[in-house]
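Working notes for the structure below.
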Amino acid sequence: GENVEQHPSTLSVQEGDSAVIKCTYSDSASNYFPWYKQELGKGPQLIIDIRSNVGEKKDQRIAVTLNKTAKHFSLHITETQPEDSAVYFCAARFTGGGNKLTFGTGTQLKVEL
Amino acid sequence: EAGVVQSPRYKIIEKKQPVAFWCNPISGHNTLYWYRQNLGQGPELLIRYENEEAVDDSQLPKDRFSAERLKGVDSTLKIQPAELGDSAVYLCASSPMTGAGLYNEQFFGPGTRLTVL
């Protein structure tokens with residue numbers, strides 16, 4: 001089955017700095033890679049996603065890059081703000097699994113003033 | 001538009017007791033998922049429904065867990081009897097009808113936090 005590794009598990013940055021979270025996946029047939037933000041006491045919320053036929057996607061302060069050869073993808077948050085503090089999960093969907101997502105173990109991001 | 005609704009939000013029970021969780025997906029979403037999220041981990045799929053049909057229940061511990069979605073709308077997940085290791089957050093998600101090549105976003109509910117004593 002699919003396996004997704006996520007690093008780092010915790011990340012602390014100063015407000016205004018950039019944050020980068022990295023994930024690797026095991027199944028080369030994976031074709032969809034969403035990123036979710038989960039705030040305390042809430043369910044995960046999709047913030048950005050990328051398909052396997054695209055190398056990079058950007059939405060305002062967040063961007064995702066995908067390297068299919070190396071089987072890794074990254075989340076980039078620029079100009080971080082205190083409200084970016086949350087747990088971020090990457091996920092991968094492999095073609096043999098319907099719409100089944102395999103999630104990483106999460107990154108606790110803390111943006112300090 | 002209302003999001004995915006789950007109840008209860010919190011549940012504390014003693015081991016060996018039964019427990020049930022309810023989910024109402026976003027209107028019009030044919031696909032419904034139940035996930036379990038252990039502390040400090042990402043969500044893990046338990047079961048996926050397409051309308052009223054369970055199309056993937058390979059990760060559901062069938063000796064004690066059961067689920068139903070009788071009319072293809074809301075769903076119930078049950079544990080009987082509960083064990084200490086079942087303590088977790090149970091998340092429900094929904095998405096529009098999936099199909100080959102589709103990348104439908106999954107919308108998550110707030111979850112039910114279960115504590116088994």
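Just so it is clear: chains get the letters A, B, ... in the order the sequence lines come, proteins before strands, and each one is counted from 1. Please read these numbers as outputs of a predicted model, since none were measured by experiment.
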Quick check on [X]: does its [atom1] atom have over 12 non-hydrogen neighbours (other residues, nucleotides or ligands) under 6.0 Å away?
X     : atom1 : value
A:Q14 : CD    : yes
B:K62 : NZ    : yes
B:E14 : CD    : no
B:L84 : CG    : yes
B:E68 : CD    : yes

Same apolar cluster: [X] and [Y], side chain cutoff 4.5 Å:
X     : Y      : answer
B:L45 : A:Y32  : yes
B:Y90 : A:F103 : no
A:Y88 : A:I48  : yes
A:V13 : A:I77  : yes

Stepwise side-chain contact (heavy atoms from CB on, under 4.5 Å) check, A:F89 with B:Q41: CA-CA 9 Å; A:F89 291 97; B:Q41 300 293 315; over 6 Å; no

Partners meeting salt bridge (Lys or Arg N to Asp or Glu O under 4.0 Å) with A:K22 (sequence neighbours left out):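 A:K22 satisfies salt bridge (Lys or Arg N to Asp or Glu O under 4.0 Å) with no other residue.
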
Chain B contact via A:Q45 - side chain, backbone, both or neither, heavy atoms under 4.5 Å: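 When you check distances to chain B, no heavy atom of A:Q45 falls under 4.5 Å.
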
Contacting region of A:P44 [heavy-atom separation from chain B under 4.5 Å]: both

Proximal component of B:F107, with respect to chain A [non-hydrogen, under 4.5 Å]: neither

Side chain, backbone, both or neither of B:Q106 within contact of chain A (heavy atoms, under 4.5 Å): both

Straight-line distance of B:L91 CG to A:Q38 CD, nearest 0.5 Å: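 So the gap between those two atoms works out to 6.5 Å.
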
Note, B:Y35 side chain near A:L101 side chain (heavy atom, < 4.5 Å):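 They are in side-chain contact.
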
Top of B:G42, B:C92, B:S58, B:P43 for chain A proximity - count of heavy-atom pairs under 4.5 angstrom: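 Looking at each option in turn, the highest pair count goes to B:P43.
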
Evaluation steps, side-chain contact (heavy atoms from CB on, under 4.5 Å), between B:E105 and A:D49: CA-CA 9 Å; B:E105 176 183 354; A:D49 55 15; 5.5 Å; no

Chain A contact residues among residues 108-117 of chain B, heavy-atom distance under 4.5 Å: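 If one takes a 4.5 Å heavy-atom cut-off, the residues of residues 108-117 of chain B near chain A are B:F108, B:G109, B:P110.
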
